[in-house]
Amino acid sequence: MMSKKIYCIARFRAKTGKERELFEVLKALEPDTLREDGCLQYIVTRRIENPCAGCSDDFSIVFNEIWADRTAFEAHCNRNAIREFFQTQCLDENGLVEAHDVCVYSDEPEDYDAPVVGAKYE
């Protein structure tokens, strides 16, 4: 059985002058999301300046998420609060978000020979 964890990076570019307000709206999603079955990490972050790092885009607010599996991630995406956020803040012309980008990742290499937990080996 292979690892089932899903890693999600959800990036947001706020409309001009709306970054602080958007950050607060996104922070408000954290408490209930952290209570979801399968949520291992759900942290909203904002970019800061640092001489050891550079950034080539203008998505300044990012969620770093880890989910136990695809089912947990998809259940989260279909919660009313999450669907409402995307509708009112990302899709609606009066929302706070100018652009957004949500990507999911696996930590497994292709064709990973994962051990089967509980299997009897000879």
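Two residues are said to be in side-chain contact when any heavy atoms from C-beta on lie closer than 4.5 Å; Val104 and Phe73 meet this criterion. Between Ile82 and Leu29 there is a side-chain heavy-atom pair separated by less than 4.5 Å. At a threshold of 4.5 Å between non-hydrogen side-chain atoms, the residues Gln89 and Glu84 do not count as touching. Put simply, the side chain of Leu22 does not reach to within 4.5 Å of the side chain of Glu19, judged on heavy atoms. The shortest distance between side-chain heavy atoms of Cys8 and Val102 falls below 4.5 Å.
Using a cut-off of 4.0 Å between Lys/Arg side-chain N and Asp/Glu carboxylate O, Arg13 and Glu98 are scored as salt-bridged. Salt bridge annotation for Lys27-Glu30: absent, with no cationic side-chain nitrogen under 4.0 angstrom from a carboxylate oxygen. Salt-bridge check for Glu36 with Arg79: passed, with a basic side-chain N closer than 4.0 Å to an acidic carboxylate O.
You'll find the ring centres of Phe86 and His100 inside the 6.0 Å limit. Residues Tyr42 and Phe63 place their aromatic rings such that the two centres sit under 6.0 Å apart. Ring to ring, Phe85 and Phe12 are close: their centroids are under 6.0 angstrom apart.
Under a 3.5 Å cut-off, the side chain of Lys15 and the backbone N or O of Gly95 do form a donor-acceptor pair. In this structure, the side chain of Thr45 engages the main chain of Val62 through a donor-acceptor pair within 3.5 Å.
Heavy-atom contacts from other residues, nucleotides or ligands closer than 6.0 Å to CG of Asn50 number more than 12. Heavy-atom neighbours of Arg46 CZ from other residues, nucleotides or ligands within 6.0 Å: at or below the threshold of 12. The local environment of CG in Asp107 is crowded, with over 12 non-hydrogen atoms from other residues, nucleotides or ligands closer than 6.0 Å.
Taking the side chain to side chain contact (heavy atoms under 4.5 Å, CB included) definition, one finds that Asp92 meets it with Asn94, sequence neighbours left out.
Ile66 and Lys5 get closest at one heavy-atom pair: CG2-CD, 4.3 Å. A pairwise comparison of heavy atoms in Cys39 and Trp67 identifies CB-CZ3, 3.4 Å as the closest pair. Taking all atoms of both residues into account, the shortest heavy-atom contact from Gly38 to Ala72 is CA-CB, 3.8 Å. Taking every heavy atom of both residues into account, Lys18 and Leu96 meet most closely at CD-CD2, 3.8 Å.
Under a hydrophobic-cluster definition in which Ile, Leu, Val, Met, Phe, Trp and Tyr are linked whenever side-chain heavy atoms come within less than 4.5 Å, directly or via other members, Phe23 and Leu34 are assigned to the same cluster.
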Thr33 vs His76, side chain to side chain contact (heavy atoms under 4.5 Å, CB included): CA-CA, chis, key distance, verdict: CA-CA 8 Å; Thr33 299; His76 164 72; 3.5 Å; yes
Trace of the side chain to side chain contact (heavy atoms under 4.5 Å, CB included) decision for Ile6 with Asp69: CA-CA 6 Å; Ile6 295 287; Asp69 54 33; 5.6 Å; no
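Between atom NZ of residue Lys4 and atom CZ of residue Arg70 there is a gap of 12.0 Å, rounded to the nearest 0.5 Å.
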